[in-house]
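Structure first, commentary second.
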Amino acid sequence: MAKRFYITTPIYYVNDVPHIGHAYTTIVADVLSRFHRQSGFETFFLTGTDEHGNKVLQAAEAAGKTPEAYADQISALFKDLWPQLDISNDYFIRTTAEKHKKVVQLILKKVHENGDIYFGEYGGHYCFGCERFYTQRELVDGKCPDHQKEPQFIKEKNYFFKMSKYQNWLIHHIEEHEDFIRPEIYRNKVLSFLQEPLEDLCISRPNNRLSWGISLPFDSRYVTYVWFDALINYISALDYPSGSAFKKFWPVAEHLIAKDILIPHGIYWPTMLRAAGIPPYKRLNVHGYWNIKESKMSKSLGNIIRPLEVKEKYGLDSFRYFLLREMAFGLDSNFSEDALVQRINSDLANDLGNLLNRTVAMVIKYFEGKVQSPGPVETIDEALRETASSVVEEVEVFMREMAFNKAFSSTWKLIAKVNQYLDQTAPWSLAKEKKQQRRLATVLYNALESLRIIAILIYPVMPRTGVEIWRQIDLGAQLPEQEFSQAKIWGQYRVGSIVERARTLFPRVDTPKAQGMDG
RNA sequence: GGCGGUGUAGCUCAGUUGGUUAGAGCAUACGGCUCAUAUCCGUAGUGUCCGGGGUUCGAAUCCCUGCACCGCCA
């Protein structure tokens with residue numbers, strides 16, 4: 001059985017510029033992809049942009065552009081951002097791509113022919129800006145909260161998807177598959193949502209009101225609305241129905257989303273797939289929000305965190321590490337520069353960076369940079385090896401569970417253990433005695449070997465740092481191709497390597513109080 | 001209004017099925033080392049486990065109730 005892994009991010013809507021939320025989701029997907037590639041999985045990592053709808057059309061008009069040109073421009077903002085955050089996606093899907101539109105129409109046709117799409121009438125308070133209906137309760141002083149305008153009551157005929165027909169099947173499927181939606185709190189939310197009767201889903205808009213969309217194959221007076229367009233990207237990118245990528249990767253599909261789109265992904269999408277005769281995805285992974293200073297991030301509060309600004313100021317790997325270390329997957333977390341600086345100084349500069357630095361410095365000082373072969377194993381060496389081995393095992397389990405905070409806290413147990421090991425074996429004292437040269441060589445070898453392993457463990461989240469550690473300890477640039485299993489085998493580090501003292505891994509951030517980016 | 005979540009050390013949080021003196025990291029204080037990015041190692045803490053009531057030999061954990069904050073739904 002081939003080991004395969006398929007991970008998706010949502011496709012991001014192009015009326016918004018990239019912020020920390022987009023960055024987090026995409027970085028998590030990247031870390032998972034790198035980890036699975038390390039673990040020998042054939043991996044497909046998908047991200048992209050959602051480009052239809054009125055908001056895009058209006059923004060295009062405001063900018064004096066065609067919607068095509070405008071979508072190209074904003075889509076490129078995302079596409080160009082990802083390489084700068086070391087995102088290793090295999091494909092970038094756009095909903096305006098021909099291949100996507102074809103699949104959307106194919107699915108619509110299929111579901112329509114199966115009798116699961118019908119024509120009906122719907123009336124309600126409609127906000128043209130949002131291109132959606134509002135309930136009375138959602139309105140603030142009778143006005144749309146986004147546009148501060150009174151919605152109009154309209155009645156119109158539209159196409160509906162018989163979602164209700166698949167409600168029982170879906171409940172059953174979720175109950176049978178414990179891992180279908182995780183963490184559990186989101187699985188429970190979906191199940192409790194399903195306790196009420198599902199309404200059918202309105203899937204069209206008349207094209208005289210919304211022209212920027214994909215035409216219904218069975219009625220050209222309408223375009224499809226939102227979900228039958230956007231969600232289908234996950235299979236159109238794989239060249240559904242006959243593409244080899246679809247056959248290989250769909251059975252192992254895992255989606256990654258923030259909690260705001262739980263219902264579309266947990267309910268609409270599986271029922272759509274069912275109606276189209278496609279098996280459901282394997283798993284939906286749901287994460288929480290990044291709050292800024294205890295409040296929600298929003299344009300109106302002016303507290304948008306821009307990923308490239310953080311990278312510029314603190315470095316990319318630090319940012320990636322912080323995001324994964326600080327958030328318990330599934331829960332909300334707070335982003336603050338103070339917390340980021342604290343992580344950088346204590347975890348990265350003091351613990352990890354300084355460990356590499358002191359180890360390499362001693363090899364240079366005592367052996368002119370050349371790694372000597374180790375001597376007999378002592379009890380304290382054995383304890384270090386055992387810690388390394390148990391940490392590697394824990395990290396593997398935690399990564400599979402998406403418990404990144406635990407995975408890295410575990411990795412840091414090993415880093416602390418090596419610092420402690422150096423303290424207890426005191427190589428600087430051994431260096432003073434001629435007959436302790438072999439013991440000195442052993443201690444330094446063990447520290448370097450630990451660093452080799454640590455680099456493999458941190459590679460998914462901090463690829464640049466991992467590679468830099470390997471370079472400094474003369475293991476070359478092969479870390480990205482290194483199997484995770486190599487972290488499990490002690491003693492891989494080559495005797496005779498020439499270590500190199502290069503740049504500081506993480507400079508300490510000494511500003512007493514960081515400010516500017518979040519306030 | 002209905003449902004759900006959260007409330008534990010100064011801060012961020014762990015605490016499995018109820019079981020000894022409630023934990024980790026950071027921050028703080030003191031001590032040690034000097035290879036290292038004034039870094040590292042060790043020691044020390046401090047807690048009305050949101051309030052009240054109950055079950056139990058025993059409750060942060062289970063039940064009831066109140067308060068605060070958050071989310072989803074109507």
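Order of the sequence lines fixes the chain letters, A, B, ..., with proteins taken first and strands second; residue numbering starts at 1 for each chain.
A donor and an acceptor atom never sit less than 3.5 Å apart when one is taken from the side chain of Asn357(A) and the other from the base of A36(B).
Taking the C1' atom of each, C33(B) and G42(B) are spaced 10 Å apart, rounded to whole Å. Between A9(B) and A24(B), the distance separating the two C1' atoms is 11 Å to the nearest Å. U65(B) and G2(B) are spaced 12 Å apart, taking the P atom of each and rounding to whole Å. Between the C1' atoms of U20(B) and A60(B), the separation comes to 16 Å (whole Å).
Distance, Asn405(A) CG to C26(B) P: 16 Å, rounded to whole Å. One atom, CG of Asp423(A), and another, C1' of G42(B), lie 8 Å apart when rounded to the nearest Å. One can place NZ of Lys259(A) at 8 Å from P of G71(B), the figure rounded to the nearest angstrom. Counting to the nearest Å, the P atom of U39(B) and the CZ atom of Arg358(A) are 13 Å from each other. Whole-Å rounding puts the Asn188(A) CG to G71(B) P distance at 19 Å. Atom CD1 of Ile344(A) is separated from atom P of U12(B) by 19 Å (rounded to the nearest Å). The separation between Phe408(A) atom CZ and C26(B) atom P is 18 Å, rounded to whole Å. Following rounding to the nearest Å, Gln195(A) (CD) and G4(B) (P) show an atom-to-atom distance of 9 Å.
Here Phe506(A) lies in heavy-atom contact (under 4.0 Å) with a base. Looking at heavy-atom distances under 4.0 Å, Ala361(A) makes contact with sugar-phosphate atoms alone, never a base. Across all strands, Asp351(A) comes closer than 4.0 Å only to sugar-phosphate atoms, never to a base (heavy-atom distances). Among the atoms of the strands shown, base atoms are found under 4.0 Å from some heavy atom of Leu505(A). Heavy atoms of Asn354(A) sit under 4.0 angstrom from at least one base atom. Within the 4.0 angstrom heavy-atom criterion, only backbone atoms of the sugar-phosphate kind lie near Asn419(A); the bases stay farther away.
Cation-pi geometry between Lys259(A) and Tyr289(A) is met: under 6.0 angstrom from the ring centre, within 45 degrees of the axis.
Checking side-chain atoms of Glu368(A) against main-chain N and O of Tyr366(A) turns up no donor-acceptor pair under 3.5 Å.
Base-pair partner of U6(B): A68(B) (Watson-Crick or G-U wobble, both distances under 3.5 Å).
Taking Arg385(A) as the reference, Val377(A), Glu382(A), Trp490(A) meet the side-chain contact (heavy atoms from CB on, under 4.5 Å) condition, with sequence neighbours excluded. With sequence neighbours left out, the ring-ring contact (aromatic ring centres under 6.0 Å, His included) criterion links Phe319(A) to no other residue.
Candidate nucleotides U34(B), C41(B), A36(B) were compared by shortest atom distance to the side chain of Lys432(A), and U34(B) ranks first. Side-chain proximity of Ser346(A) to C26(B), U39(B), C35(B): nearest is C26(B).
For the pair Gln420(A) and G42(B), the criterion of a side-chain N or O lying under 4.0 Å from OP1 or OP2 is met. Residue Arg501(A) places at least one side-chain N or O under 4.0 Å from the OP1 or OP2 atom of U37(B). Dashed line: the shortest gap from a side-chain N or O of Arg343(A) to OP1 or OP2 of C26(B) is not under 4.0 Å.
The aromatic rings of His22(A) and His19(A) sit tilted relative to each other, their planes meeting at an angle between 30° and 60°. Between His265(A) and Tyr234(A), the ring planes are tilted. Angles from 30° to 60° get that label.
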